[in-house]
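FYI, side chains are in, hydrogens and waters are out, and symmetry mates aren't considered; it's all heavy atoms of this structure. Chain A is the first sequence line, chain B the second, and so forth, proteins listed ahead of strands; every chain is numbered from 1.
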Protein chains: 2
Amino acid sequence: MSDLESVSVAISPKEKYREYLATQRLRMTRERSIIVEEVFASHEHFDADQLIQRLDQRSDGKRVSRSTVYRSIKQLEDAGLIRKVARQDDRDLYEHDYGYPQHDHLICKKCGELTEFHNEQIKEILETVAREFGFRIESHRLEAHGLCKNCCRRPQDRPSKLNLI
Amino acid sequence: MSDLESVSVAISPKEKYREYLATQRLRMTRERSIIVEEVFASHEHFDADQLIQRLDQRSDGKRVSRSTVYRSIKQLEDAGLIRKVARQDDRDLYEHDYGYPQHDHLICKKCGELTEFHNEQIKEILETVAREFGFRIESHRLEAHGLCKNCCRRPQDRPSKLNLI
DNA sequence: TTTCTTGCAAACATTTTGCAGGATA
DNA sequence: TATCCTGCAAAATGTTTGCAAGAAA
């Protein structure tokens, strides 16, 4: 089960989902239950297709159709349980939002590795900036793109025309 | 004040494009010329479709096909002339990169307004974080989502089902 | 003349939707 | 029972690509 370290979670993701559904007069079905469990069974980032595959590989025969997965992902997003991290290979990538502390990402353009980090100052700076524009921030997304530690170490990748600034 | 940061543009976007094409042994064609001119004719953010429409509306009959626009957008990106800002309505949004200082965006979730801002500290913080992970940053993208000044002023938008957790 | 480009239409990939039968409160 | 939900297949959408004709070097 997922480790509830940094943020104290009052109720499980599934319960939170159920609450959301209730506010919308929607139902907690077998399929939605399977999906929310599968989504929170691992803390990896995922896209729709990966989730569908994970569900297909289940040995318990609890399959869910592609359409339903897409429909549920949207609901989980609306419910604040997951959120889009980035786009990768033309797909939306999601991660857990509920029960997980705010963080941002370093994204390696070569190997695609996602490194999470957290920095309080960024939020503070954003608040200051937003105040100036009368903007009310609800969330933010920060991605730094470049080369991860591993991919930095390959001299043959960089052609000779280095940017000597 | 050292002006090396605030981008002094030596050559025009079109010349810069030509340079890039040369390094790739590609040609500056009539179509590419039209596109780069149109892209830099206004400083608005744009997506592929908007650019195509702008080109279609030209009275001088300088039409360019959809495929060529897509192909050129990719090249302009590779050439460092434009870059993706965000996704909006399932489309990639682009903005000028060449000759324009680094900045980030406040994005209104209601009206879609994009507000640009610049803050030096963010870059510094990112550098510090990256150092810690041995990551080499080449660029970053920061979007704050929420409500712009105008859209903040409408109390009737928020339904009563507030998150009371 | 050789290679690169274009426009077109068809192909693609992801995501959405209409609908009929099935499930839930 | 009155909705709501699902799976399917078809549709929609944004983007890419193969190809034959045309243009640039």
Side-chain angles (χ1 to χ4, degrees), chain A residues 14-15 17-39 45-56 58 61-79 82-94, chain B residues 14-15 17-39 45-56 58 61-79 82-94:
Chain A
K14 188 163 167 180
E15 282 314 305
Y17 190 18
R18 192 189 300 279
E19 271 184 7
Y20 169 79
L21 290 170
T23 69
Q24 307 292 102
R25 297 228 170 72
L26 301 176
R27 294 162 185 173
M28 174 53 82
T29 63
R30 195 190 82 109
E31 288 78 4
R32 289 176 182 159
S33 168
I34 293 171
I35 290 169
V36 68
E37 280 175 13
E38 187 63 48
V39 163
H45 301 100
F46 66 95
D47 61 38
D49 207 61
Q50 289 168 341
L51 178 55
I52 289 162
Q53 286 187 37
R54 277 165 59 189
L55 289 164
D56 276 346
R58 291 175 68 120
K62 290 185 171 179
R63 209 187 73 85
V64 181
S65 77
R66 176 163 284 267
S67 328
T68 298
V69 171
Y70 273 106
R71 288 188 269 235
S72 294
I73 284 178
K74 205 167 288 175
Q75 286 177 342
L76 291 173
E77 222 187 330
D78 290 341
I82 62 176
R83 61 170 186 160
K84 276 185 196 153
V85 198
R87 273 222 130 205
Q88 209 161 61
D89 303 323
D90 296 314
R91 295 170 184 186
D92 287 321
L93 258 198
Y94 298 88
Chain B
K14 188 162 168 182
E15 281 314 304
Y17 190 18
R18 193 190 298 279
E19 272 185 6
Y20 169 79
L21 291 171
T23 69
Q24 307 291 105
R25 298 228 170 70
L26 300 175
R27 293 161 186 176
M28 174 54 83
T29 63
R30 194 191 83 109
E31 288 78 3
R32 289 177 182 158
S33 168
I34 293 171
I35 290 169
V36 69
E37 278 175 13
E38 187 63 49
V39 163
H45 300 101
F46 66 95
D47 62 38
D49 209 60
Q50 290 168 341
L51 179 56
I52 289 162
Q53 286 187 37
R54 277 165 59 188
L55 289 164
D56 277 346
R58 291 174 68 120
K62 289 186 171 181
R63 209 187 72 86
V64 180
S65 76
R66 176 164 284 266
S67 332
T68 298
V69 171
Y70 273 106
R71 287 189 270 234
S72 294
I73 284 177
K74 204 167 290 176
Q75 286 178 340
L76 290 172
E77 221 187 333
D78 290 341
I82 63 176
R83 61 169 187 161
K84 276 184 197 150
V85 200
R87 274 222 129 204
Q88 208 161 62
D89 303 323
D90 296 314
R91 295 171 184 185
D92 287 321
L93 257 200
Y94 297 88

Rounded to the nearest 0.5 Å, what separation is found between the [atom1] atom of [X] and the [atom2] atom of [Y]?
X: B/Ser33; Y: B/Tyr17; atom1: OG; atom2: OH; answer: 9.5 Å
X: B/Arg83; Y: B/Leu93; atom1: CZ; atom2: CG; answer: 12.0 Å
X: A/Gln50; Y: A/His45; atom1: CD; atom2: NE2; answer: 11.0 Å

Keeping the roles fixed (side chain from A/Thr23, backbone from A/Tyr20), state whether a donor-acceptor pair exists under 3.5 Å.
yes
Give a yes or no answer on whether the side chain of A/Arg32 reaches the backbone of A/Arg27 with a donor-acceptor pair at less than 3.5 Å.
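Present.
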Distances under 3.5 Å between protein N/O atoms and the N/O atoms of nucleotides 14-18 of chain C, please, pair by pair.
{"residue": "C/dT14", "atom": "OP1", "partner": "A/Arg91", "partner atom": "NE", "Å": "2.5"}
{"residue": "C/dT14", "atom": "OP1", "partner": "A/Arg91", "partner atom": "NH2", "Å": "2.4"}
{"residue": "C/dT15", "atom": "OP2", "partner": "A/Tyr70", "partner atom": "OH", "Å": "2.6"}
{"residue": "C/dT16", "atom": "OP1", "partner": "A/Lys74", "partner atom": "NZ", "Å": "2.6"}
{"residue": "C/dT16", "atom": "OP2", "partner": "A/Lys74", "partner atom": "NZ", "Å": "3.3"}
{"residue": "C/dT17", "atom": "O4", "partner": "A/Ser67", "partner atom": "OG", "Å": "3.3"}

First and last nucleotide of DNA chain D, 5' to 3', lying under 4.0 Å from heavy atoms of chain B:
D/dG14 to D/dA25
Listed by chain and number, what are the side-chain hydrogen bond (donor to acceptor under 3.5 Å, both in side chains) partners of [X], not counting sequence neighbours?
X: A/Glu31; answer: none
X: A/Ser65; answer: A/Thr68
X: A/Arg87; answer: A/Asp92
X: B/Arg63; answer: none

Of the residues in residues 26-35 of chain A, which ones touch DNA chain D at a heavy-atom distance under 4.0 Å?
A/Leu26, A/Arg27, A/Thr29, A/Glu31, A/Arg32
How many Å lie between CD on B/Gln75 and C1' on C/dC4, as a whole number?
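Answer to the nearest Å: 11 Å.
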OP1 or OP2 of C/dG7 under 4.0 Å from side-chain N/O of B/Thr68
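Affirmative; the distance criterion is met.
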Going by the rule side-chain contact (heavy atoms from CB on, under 4.5 Å), which residues pair with [X] if we only count those two or more places apart in sequence or in a different chain?
X: A/Glu77; value: A/Ile82, A/Lys84, A/Tyr94
X: B/Asp89; value: none
X: A/Arg91; value: A/Asp47, A/Asp49
X: A/Arg58; value: A/Ile34, A/Glu38, A/Leu55, A/Asp60, A/Lys62

Through what angle, rounded to 10 degrees, does the axis of the helix from C/dT1-D/dA25 to C/dA25-D/dT1 turn between its ends, using five pairs per end?
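Nearest ten degrees gives 40° for this helix.
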